[in-house]
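Below: one structure, written as structure tokens.
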Amino acid sequence: MPQTKRRQVSGKTMSDVSLIVQYSVGSPPLILHRRSALTNWQLIEEMAKLFRAVIMGPPGSGKGTISERIAHSFGLKHLSSGDFVRENIAAKTEAGVQAKTYIKKGLLVPDHVMTRLLLPRLVEMTKYSWLLDGFPRTLAQAEALNSACDLDVAINLNIPLETLKERLRHRWIHPPSGRVYNMCFNPPRVQGIDDITGEPLIQQEDDRPEALVARLRHYKDVAKPVIDFYKAKGILYTFSDTETDRIWPNISTLLSTKIPAIQTDARCASTH
Ligand SMILES: Nc1ncnc2c1ncn2[C@@H]1O[C@H](COP(=O)(O)OP(=O)(O)OP(=O)(O)O)[C@@H](O)[C@H]1O
Ligand SMILES: Nc1nc2c(ncn2[C@H]2C[C@H](O)[C@@H](COP(=O)(O)OP(=O)(O)O)O2)c(=O)[nH]1
């Protein structure tokens with residue numbers, strides 16, 4: 001299992017900080033961040049305002065749907081690991097090329113590839129509050145993330161199996177963008193067609209009820225240590241229900257107590 005280690009190397013002042021993450025033993029360290037123009041006070045003030053959260057849950061639990069609502073209501077950036085993977089594949093980066101070989105086989109991308117692909121993107125977000133959706137999926141990923149930044153909240157969606165099966169049976173996807181529709185909950189304007197591009201939608205083999213049971217078993221096995229990890233840190237918030245519309249008010253209330261000032265911060269709302 002990869003070991004993670006966090007090291008901060010300071011220059012003359014706090015305004016010149018590099019964060020170096022060594023995400024596996026023997027691998028070259030990844031230099032994540034260098035600040036140059038901020039005074040100590042600006043840095044402290046900026047960090048005090050920022051809010052970082054992750055959202056976890058099995059396939060079909062509503063991570064994407066709820067993330068969009070959070071991003072919209074609280075002005076956080078919604079960072080989706082699936083989107084990062086797709087962008088890297090499209091840009092043919094080294095990590096993207098590696099990731100593609102696994103996705104083609106319907107497999108999860110290995111931790112070391114995923115970490116290399118995602119952590120540098122988080123560095124570009126140091127000025128923003130964000131919500132990370134789809135990462136971490138394993139304890140190794142959670143530890144790597146922990147080595148790069150401190151989280152405020154981990155949202156855990158706990159949805160009954162029958163509900164997940166029903167939702168995914170009706171899930172249609174636009175593969176190039178990852179846009180998701182549900183024929184009952186949020187149908188496309190024209191059946192089988194993506195609203196934005198006009199391209200066809202598909203149903204994933206993986207979303208069939210037979211495949212889903214195996215996927216969920218695997219999810220439970222790998223997610224349990226991640227959930228325990230955040231529980232031990234005292235930042236885990238679990239929400240259980242069959243309807244996103246009933247979960248959403250509770251998440252909204254929680255976040256209102258945690259991020260009162262961010263909503264009006266134009267920096268978070270204006271760029272994506
Ligand atoms: N944290 C991660 N670890 C490993 N692989 C990942 C991770 N995030 C994304 N991937 C890869 O990218 C693919 C697309 O991810 P995305 O989250 O969009 O869809 P998904 O797996 O169908 O998620 P869900 O079913 O939970 O909605 C995944 O199937 C997986 O191969
Ligand atoms: N019927 C119904 N469908 C829902 C609800 N919340 C989300 N959905 C739909 C939207 C998607 O087609 C599917 C899975 O949602 P998602 O947001 O893609 O979940 P996730 O895989 O990102 O965790 O379920 C909901 O509350 N009811």
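Throughout, residue positions are numbered sequentially from 1 according to the sequence presented. Values below: all heavy atoms of this structure, side chains included; hydrogens, waters and symmetry mates excluded. Whatever order the structure lists ligands and atoms in, that order sets their numbers, starting from 1.
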*asked:* In this structure, does ligand 2 have an atom that sits under 4.0 Å from one of the heavy atoms of G134?
replied: no

Per-atom filter on ligand 2: closer than 4.0 angstrom to a heavy atom of Y181 are 12 (O)

If you scan protein heavy atoms around atom 11 (C) of ligand 2, the nearest is V180 CG1, 3.5 Å

If you scan protein heavy atoms around atom 19 (O) of ligand 2, the nearest is G62 N, 3.0 Å

Does ligand 1 have any N/O atom under 3.5 Å from a protein N/O, and what are those pairs and their distances?
unit_1: ligand 1; atom_1: 1 (N); unit_2: G134; atom_2: O; d: 2.8
unit_1: ligand 1; atom_1: 1 (N); unit_2: Q141; atom_2: OE1; d: 2.9
unit_1: ligand 1; atom_1: 3 (N); unit_2: Q141; atom_2: NE2; d: 3.0
unit_1: ligand 1; atom_1: 5 (N); unit_2: V109; atom_2: N; d: 3.0
unit_1: ligand 1; atom_1: 8 (N); unit_2: S81; atom_2: OG; d: 2.7
unit_1: ligand 1; atom_1: 17 (O); unit_2: R137; atom_2: NH2; d: 2.8
unit_1: ligand 1; atom_1: 18 (O); unit_2: R86; atom_2: NH1; d: 3.2
unit_1: ligand 1; atom_1: 18 (O); unit_2: R86; atom_2: NH2; d: 3.3
unit_1: ligand 1; atom_1: 21 (O); unit_2: R137; atom_2: NH1; d: 3.4
unit_1: ligand 1; atom_1: 25 (O); unit_2: R171; atom_2: NH2; d: 3.1
unit_1: ligand 1; atom_1: 25 (O); unit_2: R215; atom_2: NH2; d: 2.8
unit_1: ligand 1; atom_1: 26 (O); unit_2: K63; atom_2: NZ; d: 2.9
unit_1: ligand 1; atom_1: 27 (O); unit_2: R171; atom_2: NH1; d: 3.2
unit_1: ligand 1; atom_1: 31 (O); unit_2: L107; atom_2: O; d: 3.0

Atom 6 (N) of ligand 2: closest protein heavy atom, distance to 0.1 Å, is T244 OG1, 2.6 Å

Tested for side-chain hydrogen bond (donor to acceptor under 3.5 Å, both in side chains) against T138, the lone hit among T115, D221, D111 is D111

Scan the side chains in residues 86-104 for donor-acceptor partners under 3.5 Å anywhere in the protein, sequence neighbours excluded, and list what turns up.
unit_1: R86; atom_1: NH2; unit_2: D83; atom_2: OD1; d: 2.9
unit_1: E87; atom_1: OE1; unit_2: R121; atom_2: NH1; d: 2.8
unit_1: E87; atom_1: OE1; unit_2: R121; atom_2: NH2; d: 3.4
unit_1: N88; atom_1: OD1; unit_2: T93; atom_2: OG1; d: 2.7
unit_1: N88; atom_1: ND2; unit_2: F84; atom_2: O; d: 2.9
unit_1: T93; atom_1: OG1; unit_2: G96; atom_2: N; d: 2.9
unit_1: T101; atom_1: OG1; unit_2: Q98; atom_2: O; d: 2.6

Checklist entry - Is the closest basic N to carboxylate O distance between D152 and K258 below 4.0 Å? => result no

The protein heavy atom nearest to atom 13 (C) of ligand 2 is R171 CD, 4.1 Å

protein heavy-atom neighbour closest to atom 14 (C) of ligand 2 works out as G60 CA, 3.6 Å

The closest protein heavy-atom partner of atom 24 (O) of ligand 2 is R167 CD, 3.4 Å

Next on the checklist: If the contact criterion is a heavy-atom separation under 4.0 Å, does G57 count as touching ligand 2?
Outcome noted: no

Looking only at protein heavy atoms, what sits closest to atom 17 (O) of ligand 2 is T65 OG1, 2.6 Å

